[in-house]
K.L.:
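What follows is a structure written as structure tokens; I'll ask about it next.
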There are 2 protein chains.
Amino acid sequence: MTYQESLVALADPTRRQIFEALAEAPRPVGQLAQDMPVSRPAVSQHLKVLSDAGLVTCRAEGARRIYAVRPEGLAQLRTWLDRHWSKVMARFAEEVNGKDGLDD
Amino acid sequence: MTYQESLVALADPTRRQIFEALAEAPRPVGQLAQDMPVSRPAVSQHLKVLSDAGLVTCRAEGARRIYAVRPEGLAQLRTWLDRHWSKVMARFAEEVNGKDGLDD
DNA sequence: GCTTACGGTAAGTAATGACTTACCAAGAAT
DNA sequence: ATTCTTGGTAAGTCATTACTTACCGTAAGC
């Protein structure tokens, strides 16, 4: 549920592939596994990581578990990125302007 | 130099700490290592990963190597995130609006 | 010149993590 | 009721990786 977990979760290529598939459309585990180069249990394990990070949710539909992306998860990561983005851009502007030449 | 590398680079807590320190202000390696719970060589290795990912650059200043964040690196990650953000939000809107009830 | 500060690289180690197969529980179908 | 589907969990394995110490090159200071 933190941006740290989101970064770890999305750093793995397989997990990113799963996440991107879910961003297209919600899917059950089995269908995800079919399109993936790894076994179904592996997909389940990845889904747990994504779920713990708050990036996906799961709704039961009979025996099927339909996974879907969770906007708030991405939002948190976005917030973190934007905070640093601002910081970096401010610093960059200083650099360009010459840091002591305050006005243009 | 890709968003994938950026994600891997920023997924590690120590590396994130280094990156965030550099986002505050450019620093030489030794100074970074002082504020860090790991050895100087470890910091060097992390800086290599961050550098390969395009997230930081290095300018030599005598014997010192001053590292600084590289805006373009973050920009790439931001672009990727925003692409998916849009996708996720579009999907979320569909969900809320009821997907077949097209207008409100 | 020699010595000290700075930092990258090498080699080895210990922990993490991504994957597999085997197994088990719960719902659907006949 | 039993059989088949769906998917989570357990246990074990192999690869990756984050870390350490030791070492080497280069610049600065005396």
Side-chain angles (χ1 to χ4, degrees), chain A residues 1-22 24-70 73 77, chain B residues 1-22 25-70 73:
Chain A
M1 280 293 303
T2 66
Y3 73 89
Q4 289 109 352
E5 288 176 293
S6 295
L7 282 169
V8 170
L10 294 174
D12 182 81
T14 306
R15 225 138 47 202
R16 214 166 33 237
Q17 199 179 335
I18 292 173
F19 179 79
E20 293 182 355
L22 292 179
E24 299 289 346
R27 293 183 216 281
V29 179
Q31 188 178 332
L32 277 172
Q34 279 181 349
D35 304 340
M36 222 66 67
V38 297
S39 70
R40 188 192 47 72
V43 173
S44 264
Q45 289 158 12
H46 283 309
L47 283 170
K48 172 152 179 44
V49 176
L50 289 167
S51 179
D52 287 350
L55 286 168
V56 303
T57 34
C58 175
R59 116 184 88 96
E61 193 167 282
R64 285 198 181 77
R65 311 276 180 177
I66 313 291
Y67 279 85
V69 291
R70 192 166 149 275
L77 188 53
Chain B
M1 280 294 301
T2 65
Y3 73 89
Q4 288 109 352
E5 287 175 293
S6 296
L7 283 168
V8 170
L10 294 174
D12 182 79
T14 307
R15 226 141 44 205
R16 211 163 38 235
Q17 199 178 336
I18 293 174
F19 179 80
E20 294 183 355
L22 293 179
R27 293 183 215 281
V29 179
Q31 188 177 332
L32 278 171
Q34 278 181 349
D35 304 341
M36 221 67 67
V38 297
S39 70
R40 189 192 47 71
V43 172
S44 266
Q45 289 158 12
H46 283 309
L47 283 169
K48 172 152 180 43
V49 176
L50 288 167
S51 179
D52 287 349
L55 286 169
V56 304
T57 34
C58 175
R59 115 184 88 97
E61 191 166 284
R64 285 197 180 78
R65 310 277 180 176
I66 314 291
Y67 280 85
V69 291
R70 194 167 148 274

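Because the structure is a prediction, the values reported are computed rather than measured. Here is how names work: the chains are called A, B, and so on, in the same order as the sequence lines, proteins then strands, and each is numbered from 1.
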K.L.:
Of the listed nucleotides (C/dG7, C/dG27, D/dG7), which one gets closest to any side-chain atom of A/P28?
P.N.:
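Nearest to the side-chain atoms of A/P28, counting from C-beta on, is D/dG7.
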
K.L.:
Rounded to the Å, how far apart are B/E5 CD and D/dT17 P?
P.N.:
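To the nearest whole Å, that distance equals 12 Å.
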
K.L.:
Quick one: closest heavy-atom pair of A/R40 and A/V29, and the distance?
P.N.:
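Nearest heavy atoms, A/R40 then A/V29: CG-CG1, 4.1 Å.
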
K.L.:
Counting just side-chain N and O atoms, does A/R64 come under 4.0 Å of either OP1 or OP2 of D/dT6?
P.N.:
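Answer is yes, contact under 4.0 Å.
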
K.L.:
Report all interatomic pairs (protein N or O, nucleotide N or O of nucleotides 18-22 of chain D) with separations under 3.5 Å.
P.N.:
| residue | atom | partner | partner atom | Å |
| --- | --- | --- | --- | --- |
| D/dA18 | OP2 | B/R15 | NH1 | 2.7 |
| D/dA18 | O5' | B/D12 | OD1 | 3.4 |
| D/dC19 | OP1 | B/T14 | OG1 | 3.1 |
| D/dC19 | OP2 | B/H46 | NE2 | 2.2 |
| D/dT20 | OP2 | B/S39 | N | 2.8 |
| D/dT20 | OP2 | B/S39 | OG | 2.6 |
| D/dT20 | O4 | B/Q45 | NE2 | 3.1 |

K.L.:
Answer yes or no: does a side-chain N or O of A/Y67 lie under 4.0 Å from OP1 or OP2 of D/dT6?
P.N.:
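Result: no.
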
K.L.:
In whole angstrom, give the distance that lies between atom CD1 of B/I66 and atom C1' of C/dG8.
P.N.:
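Rounded to the whole Å, the gap is 15 Å.
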
K.L.:
To the nearest angstrom, how far is A/R59 atom CZ from D/dT6 atom P?
P.N.:
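These atoms are roughly 16 Å apart.
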
K.L.:
Hey, are the side chains of A/M36 and A/H46 touching, using non-hydrogen atoms and a 4.5 Å cut-off?
P.N.:
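Not in contact.
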
K.L.:
Measure CZ/B/R65 against P/C/dT9 and give the value in whole Å, please.
P.N.:
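One finds 9 Å between P of C/dT9 and CZ of B/R65, rounded.
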
K.L.:
Under a 3.5 Å distance rule, please check whether A/R59 uses its side chain to pair with a backbone N or O of A/I66 as donor and acceptor.
P.N.:
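Between the backbone of A/I66 and the side chain of A/R59 there is no qualifying donor-acceptor contact (under 3.5 Å).
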
K.L.:
Just how far, in rounded Å, is P of C/dC19 from CG of A/L47?
P.N.:
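Taking CG of A/L47 and P of C/dC19, I get 12 Å after rounding.
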
K.L.:
Are A/L77 and A/L10 packed together at the side-chain level, in the sense that at least one heavy-atom pair is separated by less than 4.5 angstrom?
P.N.:
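Side chain of A/L77 against side chain of A/L10, heavy atoms only: contact under 4.5 Å found.
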
K.L.:
Please report the distance, rounded to the nearest Å, between CD in A/E61 and C1' in D/dG7.
P.N.:
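So the two atoms are 15 Å apart, to the nearest Å.
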
K.L.:
Heavy atoms, side chains only, cut-off 4.5 Å: are A/L32 and A/L47 in contact?
P.N.:
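SC-SC contact between A/L32 and A/L47 confirmed.
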
K.L.:
C/dG17 P sits how many Å from A/D52 CG, rounded?
P.N.:
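Computing the A/D52:CG to C/dG17:P distance gives 13 Å.
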
K.L.:
Nearest whole angstrom, please: distance from the P of C/dA5 to the CG of B/L32.
P.N.:
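It works out to 19 Å between those atoms.
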
K.L.:
Show the nearest heavy-atom pair for residues B/A11 and A/A11, with the distance to one decimal.
P.N.:
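Looks like CB-CB, 3.8 Å.
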
K.L.:
Would you call B/L7 and A/L7 a side-chain contact if the rule is heavy atoms closer than 4.5 Å?
P.N.:
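Contact flag for B/L7/A/L7 side chains = yes.
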
